[in-house]
K.L.:
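Okay, handing you the structure first.
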There are 2 protein chains.
Amino acid sequence: MGGPLKMSGKKSPNGSRSDQEGTAEARRAPMREFSRSLPMSLLRAREAVMRQFRPSLRNHGLTEQQWRILRALTAVDTIEVTELARVAFLLGPSLSRILRDLEARDLIERRTAKADLRRGEVSISSKGLKLIEAVAPTSEAIYAEITHRFGARKLAELQDMLGELERSLAAMEVAGEGEVEADE
Amino acid sequence: MGGPLKMSGKKSPNGSRSDQEGTAEARRAPMREFSRSLPMSLLRAREAVMRQFRPSLRNHGLTEQQWRILRALTAVDTIEVTELARVAFLLGPSLSRILRDLEARDLIERRTAKADLRRGEVSISSKGLKLIEAVAPTSEAIYAEITHRFGARKLAELQDMLGELERSLAAMEVAGEGEVEADE
DNA sequence: CAAGATAACTTAACATGTTAAACAAATTTC
DNA sequence: GAAATTTGTTTAACATGTTAAGTTATCTTG
């Protein structure tokens with residue numbers, strides 16, 4: 001996304017452009033700057049990784065998000081919907097739909113908290129656990145292969161940087177550019 | 001995703017809910033391993049970045065993908081649909097729908113190639129260009145702020161690593177775990 | 001050149017992303 | 001303690017992700 005923009009028209013990225021690029025620079029190396037933007041880099045990298053996992057998940061009838069939820073549930077006894085949304089990194093509405101489906105497939109169980117009737121408590125079912133156990137070996141193998149190819153050291157370093165990036169932006173308040181609409 | 005799994009001790013999912021502390025390891029550090037997986041790290045990092053841009057885009061009536069397309073179009077005179085899908089990193093069906101919408105809003109122009117009637121050639125309209133120019137300043141400011149907060153040096157380093165990760169996985173053939181279905 | 005195979009899109013169908021609104025249960029206020 | 005507000009979750013509505021199938025045009029072969 002927001003990579004440095006150069007409005008079409010005059011493009012003098014750096015002086016001394018003696019090549020015959022003229023207006024055709026685009027044809028030569030299309031989208032150089034654009035494809036290098038941080039959001040695009042992150043998107044492509046993630047897709048490259050997920051592309052490895054999706055086929056295996058699909059063979060077990062799971063989407064990436066469904067897997068994230070079941071995977072998260074294996075680490076806890078029960079968990080509240082909101083907390084589950086946080087750890088599985090899903091928005092409420094998506095989670096709500098997926099839980100409905102997973103419950104219908106008997107992969108999870110659900111009840112309402114007695115202390116607070118608004119809250120729902122979710123846990124994985126034995127059937128869901130079996131499914132996870134069936135998928136896990138392949139997933140682990142793929143993850144190991146990725147680690148091997150990229151290098152364990154570098155992988156750790158990358159994840160450190162990603163975490164740092166997150167923290168760097170956590171405090172950055174999002175400016176909606178106008179549209180302030182007087183508080184009420 | 002596929003981070004090393006640890007099937008936390010069998011937690012008798014159904015019935016016998018008496019031991020409310022049994023496998024408490026979970027309560028202690030929920031989702032430590034899971035949240036550290038590479039796909040989750042990439043997803044969270046990207047979301048942290050995009051969260052900064054979305055409000056501004058939204059104020060201009062653009063989604064992230066629509067912006068990507070228009071942004072890509074500013075760098076070329078015209079481009080074929082397939083090539084556009086590649087640079088904007090969108091799947092054909094998504095692109096097809098979005099182009100239909102952008103054309104209806106007169107933000108892009110479209111014609112079929114005379115040499116090959118299957119191919120569609122797309123270009124940005126003057127209206128689309130004006131829109132881009134209206135959004136660009138804010139986007140650039142946000143990108144600059146991100147660069148400043150995280151550090152230009154580190155940002156470049158991060159993008160290098162992401163590119164390397166992509167290349168590492170490019171050749172890794174995706175194993176669908178069985179399901180070989182005899183070739184036809 | 002006509003049938004078969006490819007290629008470039010587009011449609012279809014289902015799942016999720018994203019924002020807004022609805023709802024019901026708790027909490028706060030006056 | 002009832003009205004107003006907040007909180008936890010779900011619905012709704014629209015846009016995109018993802019895979020499969022459909023369409024039309026081009027290329028390959030025999």
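Below, chain A is the first sequence line, B the second, and so on; all start at residue 1. None of the values given here were measured: they were computed from a predicted structure.
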K.L.:
About how many Å separate NE2 of A:His60 and OG1 of A:Thr138, when rounded to the nearest 0.5 Å?
P.N.:
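A:Thr138 atom OG1 to A:His60 atom NE2 measures 5.0 Å (nearest 0.5 Å).
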K.L.:
Is the shortest heavy-atom distance from the side chain of A:Tyr143 to the side chain of A:Gln52 under 4.5 Å?
P.N.:
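No, their side chains stay 4.5 Å or more apart.
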K.L.:
Toss me the dot-bracket line for DNA chain D: Watson-Crick and G-U wobble, both under 3.5 Å, 5' to 3', using | for pairs to another strand and [ ] for crossers.
P.N.:
||||||||||||||||||||||||||||||
K.L.:
Show, in sequence, the C-alpha distance, side-chain angles and deciding distance for A:Arg97 and A:Asp101, and conclude whether the salt bridge (Lys or Arg N to Asp or Glu O under 4.0 Å) test is met.
P.N.:
CA-CA 6 Å; A:Arg97 282 178 305 218; A:Asp101 174 66; over 6 Å; no
K.L.:
Rounded to whole Å, how long is the line connecting atom CG of A:Leu62 with atom C1' of D:dT18?
P.N.:
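Taking CG of A:Leu62 and C1' of D:dT18, I get 15 Å after rounding.
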K.L.:
Could you work out, with salt bridge (charged side-chain N to carboxylate O under 4.0 Å, His left out) as the rule, every residue matching B:Arg110, not counting sequence neighbours?
P.N.:
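Once residues adjacent in sequence are excluded, the partners of B:Arg110 under the salt bridge (charged side-chain N to carboxylate O under 4.0 Å, His left out) criterion are B:Glu103.
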K.L.:
In whole angstrom, give the distance that lies between atom CZ of A:Arg68 and atom C1' of C:dT16.
P.N.:
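One finds 10 Å between C1' of C:dT16 and CZ of A:Arg68, rounded.
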K.L.:
Atom CZ of B:Arg58 and atom C1' of C:dT18: how far apart are they, to the nearest Å?
P.N.:
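Rounded to the whole Å, the gap is 8 Å.
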K.L.:
Would you kindly give the CG-to-P distance between B:Leu91 and D:dA20, to the nearest whole Å?
P.N.:
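After rounding, the reported distance stands at 12 Å.
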K.L.:
From CZ of A:Arg51 over to P of D:dT19, roughly how many Å is that when rounded to an integer?
P.N.:
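Spelled out: CZ on A:Arg51 to P on D:dT19 is 11 Å.
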K.L.:
Could you say whether A:Phe89 or A:Lys114 is positioned toward the 5' end of DNA chain C, judged by the nucleotide with the nearest heavy atom to each?
P.N.:
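First, find each residue's nearest nucleotide; the 5'-ward one identifies A:Phe89.
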K.L.:
Just so I know, are the side chains of B:Leu73 and B:Leu129 near enough to count as touching, which here means a heavy-atom distance under 4.5 Å?
P.N.:
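Of all side-chain heavy-atom pairs linking B:Leu129 with B:Leu73, none is under 4.5 Å.
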K.L.:
Going by distance alone, is a donor N or O of one side chain under 3.5 Å from an acceptor N or O of the other, for B:Arg111 and B:Ser123?
P.N.:
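Yes, side-chain donor-acceptor contact under 3.5 Å.
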K.L.:
How many angstroms lie between atom OG1 of A:Thr147 and atom NZ of A:Lys154, to the nearest 0.5 angstrom?
P.N.:
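So the gap between those two atoms works out to 12.5 Å.
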K.L.:
A:Glu47 has an atom CD; how far is it from atom C1' of D:dG17, in whole Å?
P.N.:
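In whole Å, D:dG17 C1' and A:Glu47 CD are 9 Å from each other.
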K.L.:
Would you tabulate the nitrogen or oxygen pairs shorter than 3.5 Å linking the protein to nucleotides 8-15 of chain C?
P.N.:
from	atom 1	to	atom 2	distance (Å)
C:dA8	OP1	B:Arg119	NH2	3.1
C:dC9	OP1	B:Arg118	O	3.4
C:dC9	OP1	B:Gly120	N	2.6
C:dC9	OP2	B:Thr82	N	3.4
C:dC9	OP2	B:Thr82	OG1	3.0
C:dC9	O5'	B:Thr82	OG1	3.3
C:dT10	OP1	B:Arg110	NH2	2.9
C:dT10	OP2	B:Ser96	OG	3.0
C:dT10	O5'	B:Ser96	OG	3.3
C:dA13	N6	B:Arg97	NH1	3.4

K.L.:
Give, for atom OG of B:Ser125 and atom NZ of B:Lys130, the distance between the pair rounded to the nearest 0.5 Å.
P.N.:
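So the OG of B:Ser125 and the NZ of B:Lys130 are separated by 8.5 Å.
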